[in-house]
Trainee: 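Take this structure, written in structure tokens, and hold onto it; I'll ask about it next.
In what follows, chains carry the letters A, B, and so on, assigned in the order in which the sequence lines appear, proteins first and then strands, with residues in each chain numbered from 1.
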Protein chains: 4
Amino acid sequence: MREPTAVQQTRRDVGPITDRGAARRRQLLDAARRVFERQGFTDARVADIVKEAHASHGTFYTYFDTKEAIFVEVARTVIEDMHEDMAVAVPTSGLDLRVHDAIDRFIHAYRPNAAIIALMEQLALDSVEMRALRLDLRDSFVQRTRRGIERMQADGSVPADLDVEYTAEALGAMLEYTCHLWFSLGKEFEERRLADALAGIWFATLHPEGHGAP
Amino acid sequence: MREPTAVQQTRRDVGPITDRGAARRRQLLDAARRVFERQGFTDARVADIVKEAHASHGTFYTYFDTKEAIFVEVARTVIEDMHEDMAVAVPTSGLDLRVHDAIDRFIHAYRPNAAIIALMEQLALDSVEMRALRLDLRDSFVQRTRRGIERMQADGSVPADLDVEYTAEALGAMLEYTCHLWFSLGKEFEERRLADALAGIWFATLHPEGHGAP
Amino acid sequence: MREPTAVQQTRRDVGPITDRGAARRRQLLDAARRVFERQGFTDARVADIVKEAHASHGTFYTYFDTKEAIFVEVARTVIEDMHEDMAVAVPTSGLDLRVHDAIDRFIHAYRPNAAIIALMEQLALDSVEMRALRLDLRDSFVQRTRRGIERMQADGSVPADLDVEYTAEALGAMLEYTCHLWFSLGKEFEERRLADALAGIWFATLHPEGHGAP
Amino acid sequence: MREPTAVQQTRRDVGPITDRGAARRRQLLDAARRVFERQGFTDARVADIVKEAHASHGTFYTYFDTKEAIFVEVARTVIEDMHEDMAVAVPTSGLDLRVHDAIDRFIHAYRPNAAIIALMEQLALDSVEMRALRLDLRDSFVQRTRRGIERMQADGSVPADLDVEYTAEALGAMLEYTCHLWFSLGKEFEERRLADALAGIWFATLHPEGHGAP
DNA sequence: TATGAATGAGGTTTCATTCAT
DNA sequence: TATGAATGAAACCTCATTCAT
């Protein structure tokens with residue numbers, strides 16, 4: 001493969017200058033997302049993306065370094081989306097409701113992004129950058145959970161001796177992988193039963209043996 | 001593009017006839033496992049495998065159809081290994097010990113096979129066959145868990161209204177993905193704390209609010 | 001084994017868009033013809049063709065699916081050439097002259113294309129498409145002959161009871177295979193004697209026992 | 001490909017020593033013929049032949065140098081068969097009957113051997129040896145025809161000024177290629193009409209304008 | 001003589017990426 | 001900025017033939 005030319009590399013680094021250029025870039029990103037969702041990363045061809053975006057090969061490389069690079073951009077979009085979706089204020093009723101709400105919001109944030117998340121997961125094995133991105137995404141959720149539990153510990157509704165950090169990691173892992181099984185690997189779950197089962201585990205964990213009141 | 005000959009296909013289907021052939025096949029499998037663990041699936045070349053096995057290209061295709069095919073064989077080996085590792089008789093002391101034991105055995109079965117499991121996971125997205133294999137592997141663990149819980153329900157140590165099926169799925173997902181994060185994505189966990197946190201969740205779930213005795 | 005991408009296939013189906021592309025395609029076709037004539041089909045490598053065309057492997061597959069596909073295109077060119085060569089207006093003198101003229105034109109049309117025709121013949125045994133192409137080529141000549149004879153039957157210079165269809169087939173076969181022996185299998189014939197012998201047979205067949213006047 | 005070892009080469013040169021060896025050799029030949037007829041030369045694998053003969057690769061190379069070599073042997077058998085079939089004594093009635101008889105015998109000799117003859121034809125383009133074999137086969141028929149015509153010239157039933165050599169070549173070419181079209185390229189002919197048309201051409205050629213009596 | 005495992009040169013085809021226009 | 005042609009490294013897989021047993 002030939003080395004990139006200084007001129008073209010510069011153009012990519014600078015990014016689009018005109019509005020038309022910015023619009024073009026967005027078209028390519030949108031097209032890439034659709035293609036990745038449809039075909040996965042390996043089976044997605046740059047040719048497919050440019051066709052979907054009604055652009056040409058040359059144009060693609062005006063805006064993106066590599067196929068990996070455009071995927072990273074798509075992935076970042078997904079991460080931002082999920083952050084926003086889950087950042088909604090929590091209703092402050094009882095623990096039970098709060099848990100149910102957290103789980104429902106996770107599922108609803110995950111579902112439309114499942115395909116891209118699965119690809120991040122897949123690429124995380126081969127690419128340090130994707131691994132970091134993937135771990136960041138989950139970390140933001142896990143830390144949010146952790147802070148929530150810590151607040152409950154502070155007001156005494158959760159036992160003080162709970163290992164909050166590791167518990168948050170584990171409960172997070174459970175949610176993530178259940179959604180992966182469900183949305184990406186095609187395992188069939190009934191939504192209501194599943195959400196209840198997950199909430200039951202969270203609730204039992206945070207509220208063991210009648211500690212405090214719900 | 002040459003198509004495989006019926007005769008050649010037959011030879012592959014039948015498998016090695018002599019001991020020498022069987023040994024060769026095994027060498028290739030062992031080599032393939034090492035290469036896959038080292039380089040992942042995508043970056044593993046058939047050339048790497050035959051080099052590692054001190055064999056020739058032709059020999060590879062005497063025994064295996066494709067790179068995918070040999071991976072499937074490697075994966076099957078891993079699955080059998082894990083089945084055996086986890087099939088050890090359970091000590092019948094209290095719930096707490098049983099849970100800790102189950103989790104420890106899972107971790108110890110998972111750890112040496114983590115790389116291959118991660119690849120199964122990766123390939124499951126693109127290949128129906130790998131997806132089936134992957135789901136089978138987890139199913140055997142989840143069903144074992146489920147049966148264990150059902151037995152405890154029978155003797156009253158676990159609430160009768162627990163949704164055993166979905167709970168087993170969720171607890172299984174938690175274990176699997178935690179191990180994946182730990183062994184394959186390089187997340188750093190302290191083994192003792194992690195095992196305790198996981199066991200805590202299991203225990204709280206199965207033994208909520210002082211139901212029965214530990 | 002990688003499958004062709006839909007996008008790539010489309011590009012090949014659509015054909016070159018720019019003049020530069022069209023020129024490139026033609027270069028490849030010309031090169032392919034030379035290589036096939038020199039080395040035959042089996043011994044012609046795609047590598048030989050691209051080398052002859054001063055192009056790269058990738059470029060070849062931009063324009064053609066397979067080695068078979070480019071041969072089919074070359075063959076079509078030959079067929080068109082021959083159609084044109086033989087479509088020249090027939091001088092309307094006596095039967096004897098007309099027969100000689102037909103045979104001479106056949107030989108002159110065949111000679112420069114003999115190598116490719118021989119390859120069509122060779123491939124016709126293995127490929128349905130080539131068989132159809134081969135039979136089409138001869139059919140156009142045989143039908144032309146047949147119509148010629150029918151016109152002569154109409155004006156009474158050829159017996160009405162002649163089986164025109166089968167006779168045309170047989171006389172055609174004679175011409176074709178004689179040329180094949182001569183130009184492709186290296187049998188040595190003197191052109192004048194051969195043309196006379198062939199014409200003698202045609203003439204005797206169409207004008208038996210002094211039927212009509214020459 | 002490795003060079004043949006002196007030992008093995010010698011064995012092949014010497015040929016089978018025991019009866020068992022001779023039988024084995026024949027099994028391989030018979031199997032090869034069936035495989036070639038079924039699959040053609042290119043698509044016939046040595047593996048197919050040994051399977052059909054219930055032998056092993058090693059055994060094959062005990063008796064034959066190459067795939068080409070065994071084909072040549074098969075072809076020789078066909079050639080001998082055809083010689084015998086056509087060497088039957090000619091009934092000495094009139095020219096018309098003799099011509100019909102010659103054509104019928106050709107067709108009947110050709111038909112069962114059409115597949116192998118077609119392969120000889122196909123290989124003749126690439127191999128000097130096969131070309132020689134192919135030309136020999138037709139030559140024996142053409143020369144027989146030629147001698148027949150010369151005898152008729154001697155007794156005055158065929159014009160003395162006929163170019164017997166070239167005419168025999170041309171009439172032979174017609175027969176051969178008609179059979180090739182019919183039996184190998186799948187062109188549909190009605191046997192009776194075809195034989196009559198061919199005989200008509202022969203007869204008109206040898207007996208033009210009422211020369212002599214039939 | 002017979003077997004079947006082993007060889008490896010050789011071929012086809014893809015696709016991310018660059019560059020001339 | 002946009003286009004699309006060109007590149008070529010790289011990968012997979014076959015099969016005639018040899019050789020150890």
Trainee: Within this structure, what is the NE2-to-C1' distance between His54(A) and dG4(F), rounded to whole angstrom?
Mentor: 17 Å
Trainee: State whether Arg45(A) places a side-chain N or O below 4.0 Å from either non-bridging phosphate oxygen (OP1 or OP2) of dA16(E).
Mentor: yes
Trainee: So what does Phe64(A) touch, heavy atoms closer than 4.0 Å: a base, only the sugar-phosphate, or nothing?
Mentor: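 Contact class for Phe64(A): none.
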Trainee: Reading DNA chain E from 5' onward, which residue's closest nucleotide shows up sooner: Ala44(C) or Lys67(A)?
Mentor: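 It is Ala44(C), whose closest nucleotide lies nearer the 5' terminus.
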Trainee: Any idea which of dA2(F), dG4(F), dT13(E) is nearest the His57(A) side chain?
Mentor: dG4(F)
Trainee: Under 4.0 Å: is that the gap between some side-chain N or O of Thr18(A) and OP1 or OP2 of dT1(F)?
Mentor: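 Yes, Thr18(A) has a side-chain N/O under 4.0 Å of OP1/OP2 on dT1(F).
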Trainee: Does the side chain of Ser56(C) come under 3.5 Å of the side chain of Thr59(C) through a donor N or O and an acceptor N or O?
Mentor: yes
Trainee: Write down the distance between CG (Leu28(B)) and P (dC13(F)), rounded to a whole number of angstrom.
Mentor: 14 Å
Trainee: Tell me the interatomic distance from Phe71(B), atom CZ, to dC12(F), atom P, rounded to whole angstroms.
Mentor: 15 Å
Trainee: Does dT13(E) have OP1 or OP2 under 4.0 Å away from a side-chain N or O of Tyr61(C)?
Mentor: yes
Trainee: Could you give the CD1-to-C1' distance, from Ile49(C) to dG11(E), as a whole number of Å?
Mentor: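 The distance from CD1 of Ile49(C) to C1' of dG11(E) comes to 13 Å, rounded to the nearest Å.
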Trainee: Here's a test of your reading of the structure: between Asp65(B) and Glu68(D), which maps to the more 5' nucleotide of DNA chain F?
Mentor: Asp65(B)
Trainee: What heavy-atom pair brings Ile70(A) and Leu28(A) nearest, and what distance separates the two atoms?
Mentor: CD1-O, 3.9 Å
Trainee: Strictly below 4.0 Å, N to O, side chains only: are Asp30(B) and Arg34(B) in salt-bridge contact?
Mentor: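 Salt bridge absent between Asp30(B) and Arg34(B).
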Trainee: At their closest point, which heavy atom of Leu125(A) faces which heavy atom of Arg131(A), and how far apart are they?
Mentor: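 Shortest heavy-atom contact: O-NH1, 3.7 Å.
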Trainee: On DNA chain E, compare the nucleotides closest to Thr62(B) and Tyr63(D); which residue's is nearer the 5' end?
Mentor: Tyr63(D)
Trainee: Just the rounded figure in Å: distance from P of dA5(E) to CD of Gln27(B).
Mentor: 14 Å
Trainee: Between Glu52(C) (side chain only) and Ala31(C) (backbone N and O only), is there a donor and an acceptor less than 3.5 Å apart?
Mentor: no
Trainee: Compare side-chain N and O positions of Ser56(A) against OP1 and OP2 of dT3(F) and report whether any pair is under 4.0 Å apart.
Mentor: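 It does, given that an N or O in the side chain of Ser56(A) lies less than 4.0 Å from OP1 or OP2 of dT3(F).
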Trainee: When all nucleic acid strands are considered with a 4.0 Å heavy-atom cut-off, which category describes Thr59(A): base, sugar-phosphate, or nothing?
Mentor: base
Trainee: If I take atom CZ in residue Phe60(C) and atom C1' in nucleotide dC15(E), what distance separates them, rounded to the nearest angstrom?
Mentor: 17 Å
Trainee: In this structure, how many angstroms lie between the P atom of dA2(F) and the NZ atom of Lys51(A), rounded?
Mentor: 20 Å
Trainee: Parallel, tilted or perpendicular for Phe36(D) and Phe41(D), by the 30°/60° rule?
Mentor: parallel
Trainee: Does the side chain of Arg24(C) get closer than 4.0 angstrom to OP1 or OP2 of dA5(F) through an N or O atom?
Mentor: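 It does not, given that no N or O in the side chain of Arg24(C) lies less than 4.0 Å from OP1 or OP2 of dA5(F).
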Trainee: Does a side-chain N-to-carboxylate-O contact under 4.0 Å join Glu73(D) and Arg33(D)?
Mentor: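 No, Glu73(D) and Arg33(D) are not salt-bridged.
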Trainee: What integer distance in Å separates Arg25(B):CZ from dA6(E):C1'?
Mentor: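 Rounding to the nearest Å, CZ of Arg25(B) and C1' of dA6(E) are 16 Å apart.
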Trainee: Any sub-3.5 Å donor-acceptor pair from Gln122(D)'s side-chain atoms to Gln122(C)'s backbone N or O?
Mentor: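 Such a contact is found between Gln122(D) side chain and Gln122(C) backbone.
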Trainee: Check every atom of dA2(F), dT7(F), dA2(E) against the side chain of Arg20(A) and return the nucleotide holding the closest atom.
Mentor: dA2(F)
Trainee: Can you list the stems that include DNA chain F, where a stem is three or more consecutive Watson-Crick or G-U pairs with distances under 3.5 Å?
Mentor: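 Expected stems, ordered by start: E:2-21 with F:2-21.
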Trainee: Regarding Gly21(A), tell me which of base, sugar-phosphate or nothing describes its non-hydrogen contacts under 4.0 Å with the strands shown.
Mentor: nothing
